[in-house]
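Here's the structure, in structure tokens; my notes come after.
The chains referred to below are lettered A, B, ... by the order of the sequence lines, with proteins before strands, and numbering in each begins at 1.
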Amino acid sequence: MQLTGAQALVKSLEMQDVEVIFGLPGGAILPVYDPIIDSSIRHILVRHEQGAGHMAEGYAHVTGRPGVAMVTSGPGATNIVTPLADAYMDSIPLVVVTGQVPSSAIGTDAFQEADITGITIGVTKHNWLVTDAADIPRVVAEAFYVATTGRPGPVLVDVPKDVSNATMDWYWPETVDLPGYRPATTPEPAAIEAATELIVTAERPVIYAGGGVLKASAAAALRELAELTGIPVVTTLMARGAFPDSHPLCLGMPGMHGNYTAVTAMQQADLLVALGSRFDDRVTGKLSAFAPRAKVIHVDIDKAEIGKVRRPEVGIVADCRLAVEALVTALRPQRAAGLLEASRLGAWSRELASWKERFPLTYDRSGPAAAAGRPGRSPRLKPQFVLETLRDATPDDTILAAGVGQHQMWASQFWRFEHPNTWVSSGGLGTMGFAVPAAIGAKVGRPDRMVWAVDGDGCFQMTAQELVTASAERIPVKIAILNNAYLGMVRQWQHMFYEERYSEVYLSPDLPDYVGWAEAMGCVGLRVEHPEEVLAAIEKANQVDDRPVVVDFRTDSMEQVFPMVPAGASNDDIVVHPSQRPGTAAGAEL
Amino acid sequence: MSPSAGPGTGAGPSGRPRHHLLSVLVENKSGVLSRVAGLFSRRGYNIFSLAVAPTDDERFSRISIVVDVDSAPLEQVVAQLDKLVNVVEITELHPDEAREAELLLVTVVADAERRAQVFQLVGVFGGQIVDVGLEEVTVMLAGSPSGLDDFEELMRPYGIIELQRTGRVALPKLGGRSPSTARREQQALESA
Ligand SMILES: Cc1ncc(C[n+]2csc(CCOP(=O)(O)OP(=O)(O)O)c2C)c(N)n1
Ligand SMILES: [Mg+2]
């Protein structure tokens, strides 16, 4: 069967069971957009290529399947570099197809030429410039294989226009042949045995669960391991939902804005069982002071992560699920032999419980501080209150996306994550503007679930145009803007570390008019200024299922995220909420 | 700096070797060199020298990289390199387990007065005069990197006009496959 390169490309994507492509056409990718008309694959036309990339990420986050985006050469391709970098940092499988100028024009500074394979070498797991139409099925098969196996990640396939237009004899490769690519899978029995010994003898162990647990579908195995051993679990920003927040062994999120118990448990631990986590600086704080007495078992599918930051006593290079299952199998006899009695961790559990009780996540719920300076008016609307209300007014399995900033940290802190793959957040790159398109992609992947995005006013302005895409495609996502009129996280740093000298962080609460903007984009727009209106607005939004909803929550500009470990400080110097500091009466002003 | 403490042998202040030679077999795909070189700059690893050419199998090339491991632990460099899809195999070659070689071209002042001395040194090192000018000569010398360091230092006083080295290449020593071991093994087999 003779096909054009373009037809072969679309057919190859069909062979990979792609159900949706997020994209936007242009000159160099035109040939590929023609067979799209006849394809079974759904195409979602975005308004900016960055949106396509983040949608593909959101889709991948919640489905575990690779997200696919397609854009044209030059500016189309460079517009999707940020999502590639984001996916690379957070190990999200993406396949991005870019059009390229014709082969004969490459290297001549042709119209809309950009060396996108060169540009993206550092932010993709691998990329390909296709030089022959006959290579297309092979390259597509390789691209999906590389994106989804081992440590997942983004890949890019660059297709010159003449290659799309050329003809080839169709075939489909049954296998891929990549002599230099050998992803790890099963753990070494010796390493499992060594890890088992450390686990049995530890007195203050903590499981440090990272995003790899979700990538490897290891949440159930993790729960088994925790329950078998009685070891408490912290879930990093990338692992929220990998272990239920309601579980008695769950300590919640560690790190710069983690809760006191999670942070301090790691500091005081004598054993860290790191599962698919990478000792990120936002988790460790000052590295030389991090978990100084802990031995480390580090499970990661990426060998280069083992010892990159912290040298483990036991390194296990393997798929996280297989490794955890192997640990469970190895520990069962120990349990039967009475070596894992809960009582062995009694002192540790009591200590953790006392921290939980003394230092829960908290904020000024009402009272004089919240109403200060507003005589006769209702207290200021606290962002945490909005999140708690939203959490309690939505189903357990709601998917929550977030932007980057204070609102993201509050969302991670105050939500209760009970299920894997319900949290869609940009961790490693910290990309403002992630929330709206990622939520749209998530809703496309899981139309059966309710999808909310919690966004900042700053973030929302970076990618809000994708709500036009959502309206046009009838993708009913819901956006809660925690509108504090500031680049709040930056403001917080200027407050704490630059003597309240606020430089270029003010945004205004009503420029733009978010409700008017939402309506102009075909969404329902709501505004909430007072605590007593919060629930009604959320319930109203929950009932809309034929278009997106945007709720503009006018939240307190002064609110800060606590606890906080200042950048570069030791986790021991965690700064708790003012009301929890020694000698402070609860509810005192900051 | 004495010649033997020069970059060729590369002992760090602590006395441990600062330079490691990695022999990296890569697929002969376009852009593979920039993937490898880019990884080093991206991750802040220093390349001391780099030599690349196709192998006898046209699908593969071999890149010989001398890494300055003060910039990162070798193990981490190797693990990151290994993640590149086009990198097929990485071998670390310890100087005492490898045959290393490098090529040097140097144009040095050799006026009538000093020409004989220069020629003599070239002869001692087994180099070759490849070009002769009125007041200078160009010498080619192949050999061990430390020998090249020594030669370079000895040429310096005469006035080096231009110098180019290729960076080192290496293959593992035959070790177990050397004629003497092979014979011993054979004898052991026969007597058994
Ligand atoms: C693309 C991008 N630019 C800049 C930053 C730096 N940055 C981190 S948080 C933040 C403020 C975000 O403001 P907003 O969306 O209003 O969220 P808030 O912190 O107020 O909740 C900024 C500017 C970033 N993370 N991403
Ligand atoms: Mg804000």
Side-chain angles (χ1 to χ4, degrees), chain A residues 85 88 91 103 106-107 115-132 135 138-139 142-143 145-147 149-158 160 176-184 278-279 298 300-312 315 317, chain B residues 14 16 20 22-47 50 52-65 67-92:
Chain A
Y88 189 61
S91 307
S103 311
I106 290 179
D115 170 20
I116 199 63
T117 47
I119 288 170
T120 59
I121 281 182
V123 294
T124 52
K125 200 170 157 187
H126 194 61
N127 60 26
W128 291 258
L129 171 64
V130 184
T131 51
D132 184 343
D135 291 342
R138 175 180 61 77
V139 169
E142 288 175 1
Y145 181 66
V146 170
T149 53
R151 179 177 184 169
V155 300
L156 180 140
V157 179
D158 198 23
V176 296
D177 176 27
L178 293 166
Y181 183 70
R182 296 166 298 262
R278 59 184 175 88
F279 296 82
H298 192 176
D300 206 295
I301 195 156
D302 180 355
K303 185 162 180 262
E305 287 302 334
I306 311 279
K308 182 183 83 177
V309 174
R310 167 92 173 226
R311 187 155 297 278
V317 182
Chain B
S14 59
R16 79 194 146 79
H20 285 265
L22 297 178
S23 175
V24 184
L25 189 69
V26 297
E27 281 187 281
N28 230 341
K29 298 262 163 90
S30 76
V32 64
L33 184 59
S34 69
R35 287 180 203 279
V36 170
L39 175 85
F40 278 78
S41 60
R42 193 160 72 241
R43 296 214 175 249
Y45 310 152
N46 294 334
I47 297 181
L50 185 146
V52 53
T55 62
D56 57 321
D57 182 337
E58 62 183 19
R59 289 174 302 157
F60 303 109
S61 282
R62 189 173 290 284
I63 307 182
S64 299
I65 310 174
V67 194
D68 181 347
V69 286
D70 278 355
S71 56
L74 188 69
E75 180 193 276
Q76 180 61 205
V77 177
V78 170
Q80 295 291 358
L81 259 183
D82 201 32
K83 289 203 298 188
L84 296 180
V85 170
N86 294 144
V87 168
V88 178
E89 192 185 63
I90 306 165
T91 326
E92 192 205 342

Is there a donor-acceptor pair closer than 3.5 Å between any side-chain N or O of B:Arg35 and the backbone N or O of A:His126?
no

Out of [options], return the one with the most heavy atom pairs under 4.5 angstrom to chain B.
options	value
A:Gly180, A:Gly150, A:Gly118	A:Gly180
A:Lys125, A:Lys303, A:Arg311	A:Arg311
A:Ile306, A:Val146, A:Asp302	A:Asp302

Under 4.5 Å from a heavy atom of chain A, the part of B:Arg42 involved
side chain

Proximal to chain A - members of residues 74-87 of chain B, heavy-atom separation under 4.5 Å:
B:Glu75, B:Gln76, B:Ala79, B:Gln80, B:Asp82, B:Lys83, B:Leu84, B:Val85, B:Asn86, B:Val87

Could you please state which residues from residues 26-34 of chain B sit under 4.5 angstrom from chain A, measuring non-hydrogen atom to non-hydrogen atom, sorted by number, or 'none'?
B:Glu27, B:Ser34

Using non-hydrogen atoms only, which part of A:Asn127 is less than 4.5 Å away from chain B: side chain, backbone, both, or neither?
both

